[in-house]
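Below is one structure, written out as structure tokens; the observations come after it.
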Amino acid sequence: MREGKGKKARGVMLSERLLHLLREYWRICRPQGEWLFPSPALPNKPVNVRSVRTALSQATRAAGLKRKVTPHVLRHTFATHMLESGADLGLIQLLLGHSSRRSTQHYVRLHGEYLRRIKSPLDLLGKPEGQVLR
């Protein structure tokens with residue numbers, strides 16, 4: 001895990017799906033040395049940040065996306081999807097390496113559809129968990 005801004009550790013969980021893809025990549029490419037993604041020019045060094053940005057830009061174009069996508073946009077998107085899937089804001093704050101909950105709240109972008117699905121706890125009174133009064 002690499003330290004980010006403010007010398008804070010930043011990390012994310014490794015999904016089973018991604019682990020499977022990484023194993024498949026390793027099986028096919030068999031990178032030598034300590035880096036899973038070594039620099040093509042310097043195999044004893046990791047791939048550089050510019051190369052990652054270029055690859056992301058090419059993938060964005062290939063997917064037909066209009067918006068500019070950067071690693072930072074992916075970070076925002078990850079945090080937003082975590083929150084929308086029910087993760088606690090404190091956990092997201094820890095993963096993002098934020099000192100302040102306010103920074104994390106500013107970071108995530110909640111979409112209208114998600115906000116419309118949130119129900120008042122009052123609507124849940126007297127009902128089995130998960131059911132909403134209609």
Side-chain angles (χ1 to χ4, degrees):
M1 188 174 340
R2 195 176 116 202
E3 291 178 347
K5 190 165 60 174
K7 299 220 179 257
K8 295 179 188 143
R10 296 177 174 181
V12 295
M13 68 289 296
L14 180 62
S15 76
E16 291 292 325
R17 193 178 201 173
L18 180 56
L19 181 58
H20 174 76
L21 291 170
L22 290 173
R23 284 181 172 151
E24 187 66 17
Y25 161 79
W26 186 86
R27 189 183 65 72
I28 293 168
C29 296
R30 298 275 182 183
Q32 301 300 307
E34 67 179 287
W35 300 103
L36 184 58
F37 300 104
S39 166
L42 303 165
N44 61 332
K45 300 279 185 192
V47 66
N48 87 25
V49 174
R50 183 174 289 154
S51 296
V52 171
R53 288 181 186 277
T54 300
L56 183 55
S57 179
Q58 290 170 350
T60 300
R61 277 194 304 280
L65 300 176
K66 303 287 184 229
R67 180 175 179 192
K68 181 179 178 183
V69 179
T70 65
H72 199 71
V73 168
L74 294 180
R75 186 172 149 79
H76 275 275
T77 304
F78 173 81
T80 300
H81 285 297
M82 287 280 301
L83 187 65
E84 288 179 348
S85 68
D88 177 70
L89 194 61
L91 171 64
I92 297 169
Q93 177 183 344
L94 180 70
L95 290 172
L96 295 179
H98 291 159
S99 300
S100 164
R101 202 168 264 240
R102 185 175 293 221
S103 297
T104 306
Q105 288 171 332
H106 175 71
Y107 215 87
V108 297
R109 292 180 172 86
L110 296 178
H111 300 284
E113 180 58 35
Y114 171 75
L115 295 172
R116 282 189 289 280
R117 285 187 279 146
I118 296 173
K119 300 296 179 193
S120 166
L122 191 58
D123 291 338
L124 299 173
L125 287 177
K127 293 288 181 179
E129 278 188 355
Q131 282 191 344
V132 177
L133 293 173
R134 296 198 189 257

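Note that the structure is a prediction, hence the values are computed from the model and not measured.
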So do [Y] and [X] actually touch side chain to side chain, heavy atoms under 4.5 Å?
X: I92; Y: H98; value: no
X: T70; Y: V73; value: yes
X: L89; Y: Q93; value: no
X: S39; Y: N48; value: no

[atom1]/[X] to [atom2]/[Y] distance, rounded to the nearest 0.5 angstrom?
X: T80; Y: R75; atom1: OG1; atom2: CZ; value: 11.5 Å
X: L21; Y: R23; atom1: CG; atom2: CZ; value: 11.5 Å
X: H76; Y: L96; atom1: NE2; atom2: CG; value: 9.0 Å
X: L95; Y: M82; atom1: CG; atom2: CE; value: 5.5 Å

Check: N44 main-chain N/O paired with W35 side-chain donor or acceptor under 3.5 Å: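 At least one qualifying donor-acceptor pair exists.
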
Nearest atoms (heavy-atom pairs only) where A87 meets L91: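 Closest pair (atom of A87, atom of L91, distance): CB-CD2, 4.4 Å.
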
List the atom of P38, the atom of P31, and the distance in Å for their closest heavy-atom pair.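 Scanning both residues completely, I find the closest heavy atoms to be CD-CB, 3.9 Å.
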
Let me check something: any side-chain donor-acceptor pairs from residues 54-63 under 3.5 Å, sequence neighbours excluded? List them with distances.
unit_1	atom_1	unit_2	atom_2	d
T54	OG1	R50	O	2.9
S57	OG	R61	NH1	2.9
T60	OG1	L56	O	2.8

Sequence neighbours left out, what passes ring pair (Phe, Tyr, Trp, His ring centres under 6.0 Å) with F37? Give chain and number order.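 Checked F37 against ring pair (Phe, Tyr, Trp, His ring centres under 6.0 Å); matches are Y25.
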
